[in-house]
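Below: the structure, in structure tokens.
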There are 2 protein chains.
Amino acid sequence: MSQKRTTPLEAPSIRKHQCTVDIRLEKLGMVPFFWNLDREILQPINNEFSASHFHAGQPIYYEGEKATMLRVVVYGAVKLIRQTEEGKEIMVDMLKPGEYFGNLNELGDDTYSETATAQSDACIMSIGNREFRSLLNMYPSIAVAVLDVTTKKLNSARQQIHHLTTLSVKKRIAHILKELCGKFGEESKVGMLLQLPLSRKDLADLAGTSTETASRVMSRFQQDGLITSGRQWVAITDINALSEVVSSN
Amino acid sequence: MSQKRTTPLEAPSIRKHQCTVDIRLEKLGMVPFFWNLDREILQPINNEFSASHFHAGQPIYYEGEKATMLRVVVYGAVKLIRQTEEGKEIMVDMLKPGEYFGNLNELGDDTYSETATAQSDACIMSIGNREFRSLLNMYPSIAVAVLDVTTKKLNSARQQIHHLTTLSVKKRIAHILKELCGKFGEESKVGMLLQLPLSRKDLADLAGTSTETASRVMSRFQQDGLITSGRQWVAITDINALSEVVSSN
DNA sequence: GCACTCCTTTGAACCAGCTCAATTTAGTAC
DNA sequence: GTACTAAATTGAGCTGGTTCAAAGGAGTGC
């Protein structure tokens with residue numbers, strides 16, 4: 001850590017220690033599910049959760065494993081991947097703090113339908129499925145909040161389906177960059193820096209294309225001054241131009 | 001109606017009259033949302049809904065319209081479509097009786113994110129968004145049931161994304177036929193007949209391909225004896241062979 | 001500072017599926 | 001039966017994106 005870092009990305013350890021017991025309650029209150037709850041209700045809910053840390057690249061669970069937990073991202077980014085036997089994979093979602101993943105189905109006899117991996121160093125809170133479901137039944141407002149989040153996810157999944165079949169790779173990537181910018185973008189000297197490690201392969205998996213094609217598109221964007229990018233990082237320098245790419249001819 | 005019909009599909013008017021006030025309550029009880037509810041609770045809920053009929057091909061609402069209602073299919077099939085300005089479209093879902101669609105978001109200021117069209121003659125029950133949301137808050141079990149349905153939809157949307165990027169058109173269509181078979185298949189002399197009008201274009205929109213390619217694939221399937229098909233109808237004759245197509249090499 | 005790793009870029013051939021265009025046919029109405 | 005219409009089929013050329021291969025760099029550990 002004493003060497004000069006050339007990545008503009010924030011070093012992971014800076015924030016890692018912050019995920020202490022003390023601030024878990026605060027984090028939990030920031031999760032959309034628990035918006036309207038009083039502190040005295042939040043407290044026992046908090047006790048149901050347990051926290052754990054993951055290093056960048058470390059798997060959290062695998063597709064097909066027996067699914068027993070529901071998880072919430074507290075710090076860092078988590079990617080959800082589906083893969084074929086031949087190893088071809090696609091990224092189904094990239095989660096930021098406050099988002100949930102895992103399983104919330106009735107019984108514990110389901111399996112996870114995707115693999116979850118820590119994209120950066122991450123802190124995750126987990127709760128047993130059964131426990132969470134009893135929360136849902138106890139507090140309708142939580143159920144409704146979870147439903148709203150899930151509905152939004154469904155909508156964006158359907159938009160993605162639409163894009164996959166109607167847009168060119170170039171437009172799809174431009175659109176994805178815009179979304180990531182809204183989610184992970186942070187002001188920096190190189191532009192809106194996406195605060196997570198993001199390789200060409202990740203982008204390709206998000207866009208449903210090959211690494212090579214993603215690289216070609218990104219090279220072009222960089223050439224045209226829309227982005228600045230290095231190894232595993234991307235910064236958006238001209239978001240309006242990206243929007244134009246999506247909606248052009 | 002006195003002429004001989006050559007379509008194996010059931011004539012729409014046969015069942016249409018069945019959607020009377022008398023049996024609405026029964027239908028409502030069949031909707032997954034309302035599984036566990038007592039009859040005395042169901043009764044007032046039923047009163048909140050209003051029913052209406054649509055002819056095959058008739059639009060129910062358009063993408064972008066102000067979204068105020070949540071709807072449930074009582075009889076018939078409803079397709080959900082998203083389209084680009086140039087008219088290229090994709091089918092996001094095909095719904096059967098008991099499934100919900102429309103909007104369930106917080107306030108009435110959202111717009112529908114897809115166009116809903118009656119695929120066959122259909123009977124639809126509607127409820128105001130606000131009213132439904134208060135039901136959700138009143139009966140947690142409804143909220144949880146809706147959440148479960150939505151979660152399943154999300155999962156299948158994500159599977160579709162996966163298929164779009166990893167499977168060939170042939171496999172995608174084979175898979176779609178299998179799903180439709182489970183949902184709309186009815187035993188008949190020509191095999192498992194899909195009990196809804198289904199054109200090559202519909203299939204193409206479902207698979208995210210062109211009408212011509214869908215036609216070519218279907219011709220091939222018919223040639224190989226996997227299906228029997230005519231104008232706007234499809235029957236599956238060998239579902240095992242279809243499964244093999246999906247999982248082959 | 002040096003070596004090593006693996007991420008990224010670029011080239012070139014190839015192909016699944018698209019598009020455009022023309023023809024055939026199933027189903028319906030009379 | 002006959003005529004009509006919209007769905008379905010089939011052909012042929014084109015192309016965006018894939019695949020395979022190989023070279024070029026950024027970041028890291030020692």
Side-chain angles (χ1 to χ4, degrees), chain A residues 1-9 11-13 55-57 84 86-90 119 163-173 190 197-205 207-223 227-235 249, chain B residues 1-13 56-57 84 86-90 119 163-173 190 197-205 207-223 227-235 249:
Chain A
M1 277 314 129
S2 54
Q3 299 105 286
K4 70 159 187 274
R5 290 175 53 86
T6 46
T7 320
L9 292 179
S13 56
H55 290 293
T84 55
E86 302 94 41
K88 193 158 193 234
E89 55 187 42
I90 188 169
Q119 179 71 2
H163 284 178
L164 277 170
T165 56
T166 58
L167 299 185
S168 64
V169 169
K170 190 177 166 186
K171 293 187 176 197
R172 260 146 54 201
I173 291 187
V190 285
L198 190 72
S199 68
R200 294 295 182 264
K201 177 167 193 327
D202 290 325
L203 267 171
D205 289 347
T209 185
S210 65
T211 311
E212 293 89 337
T213 301
S215 174
R216 278 182 250 269
V217 170
M218 291 295 277
S219 296
R220 192 65 204 280
F221 283 166
Q222 184 143 25
Q223 213 172 295
I227 61 166
T228 316
S229 168
R231 190 193 175 104
Q232 305 235 59
W233 63 270
V234 180
N249 55 57
Chain B
M1 277 317 128
S2 55
Q3 300 102 287
K4 72 159 187 273
R5 291 175 51 87
T6 46
T7 320
L9 292 180
E10 185 175 306
S13 56
T84 54
E86 303 92 43
K88 194 160 192 232
E89 55 187 41
I90 188 168
Q119 178 72 2
H163 284 179
L164 277 169
T165 56
T166 58
L167 298 185
S168 64
V169 169
K170 189 176 166 188
K171 291 186 178 196
R172 259 146 54 201
I173 291 187
V190 285
L198 190 72
S199 67
R200 295 294 183 264
K201 176 169 193 324
D202 289 326
L203 266 172
D205 289 347
T209 184
S210 65
T211 312
E212 293 90 337
T213 302
S215 174
R216 277 181 249 270
V217 170
M218 292 294 278
S219 298
R220 192 62 203 280
F221 283 165
Q222 183 143 24
Q223 212 173 297
I227 61 166
T228 316
S229 168
R231 190 190 175 102
Q232 306 236 56
W233 64 269
V234 181
N249 55 57

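Every value quoted in this text rests on a predicted model; they were computed, and no experiment measured them. Residue numbering restarts at 1 for every chain, and letters A, B, ... go by the order of the sequence lines. Just so you know, these numbers use all the heavy atoms, side chains as well, and skip hydrogens, waters and symmetry mates.
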What is the distance from CG of L198(A) to P of dG27(D), rounded to the nearest Å?
-> 15 Å

Roughly how far, to the nearest 0.5 Å, is OG1 of T213(A) from CD1 of I173(A)?
-> 8.0 Å

Under the side-chain hydrogen bond (donor to acceptor under 3.5 Å, both in side chains) test, residues paired with S229(A) that sit two or more places apart | R200(A)

Let me see the working for M218(B) and V234(B) under side chain to side chain contact (heavy atoms under 4.5 Å, CB included), right down to the final yes or no.
-> CA-CA 10 Å; M218(B) 292 294 278; V234(B) 181; 3.8 Å; yes

Give the nucleotide from the list dA8(D), dT9(C), dC20(C) with an atom nearest to the side chain of E212(B).
-> dC20(C)

Looking only at atom types and distance, does a side-chain atom of R172(A) sit under 3.5 Å from a main-chain N or O of T209(A), one as donor and one as acceptor?
-> no

Heavy-atom closest pair (L198(B) atom, Q119(B) atom, distance to 0.1 Å) is CA-NE2, 4.2 Å

Hey, does T211(B) reach any base, or is it just sugar-phosphate, or nothing, if we go heavy atoms under 4.0 Å?
-> nothing

Among dT8(C), dA7(D), dT19(C), find the nucleotide with the atom closest to the side chain of S210(B).
-> dT19(C)

Under the side chain to side chain contact (heavy atoms under 4.5 Å, CB included) rule, collect the residues that match up with E89(A), sequence neighbours excluded.
-> I81(A), Q83(A), K201(A), D205(A)

Worked verdict on Q222(B) versus T228(B) for side chain to side chain contact (heavy atoms under 4.5 Å, CB included) | CA-CA 6 Å; Q222(B) 183 143 24; T228(B) 316; 4.2 Å; yes

Hey, what do you get for CG (L164(A)) to CG (L164(B)), rounding to the nearest 0.5 Å?
-> 5.5 Å

Short side-chain N/O contact to dT9(C) OP1/OP2 from S215(A), under 4.0 Å | yes

Any residue meeting side chain to side chain contact (heavy atoms under 4.5 Å, CB included) with S219(A), in chain and number order, not counting sequence neighbours = S215(A)

Is T213(B) near enough to dG17(C) that one of its side-chain N or O atoms lies under 4.0 angstrom from OP1 or OP2?
-> no

Which part of the nucleic acid does S199(B) contact within heavy-atom distance under 4.0 Å: base, sugar-phosphate only, or nothing?
-> sugar-phosphate

Mind listing the N/O atom pairs, protein and nucleotides 12-15 of chain D, below 3.5 Å?
residue : atom : partner : partner atom : Å
dA12(D) : N6   : R216(B) : NH2          : 3.4

Per R200(B) side chain, nearest of listed nucleotides dT9(D), dT9(C), dG27(D) | dT9(D)

Using the C1' atoms of five pairs at each end, what's the angle between the two axes of the helix from dG1(C)-dC30(D) to dC30(C)-dG1(D), to 10 degrees?
-> 50°

Per S219(B) side chain, nearest of listed nucleotides dT10(D), dT18(D), dC7(C) | dT10(D)

So, does K171(B) use its side chain to make a donor-acceptor pair with the main chain of T166(B) at under 3.5 Å?
-> no

Scan nucleotides 1-3 of chain D against the protein and return all N/O pairs shorter than 3.5 Å with their distances rounded to 0.1 Å.
none

Remember a base hit wins even if backbone is also touched, and classify S168(B) as base, sugar-phosphate or nothing at under 4.0 Å, heavy atoms.
-> sugar-phosphate

side-chain N/O W233(A) vs dA26(D) OP1/OP2, d < 4.0 Å = no

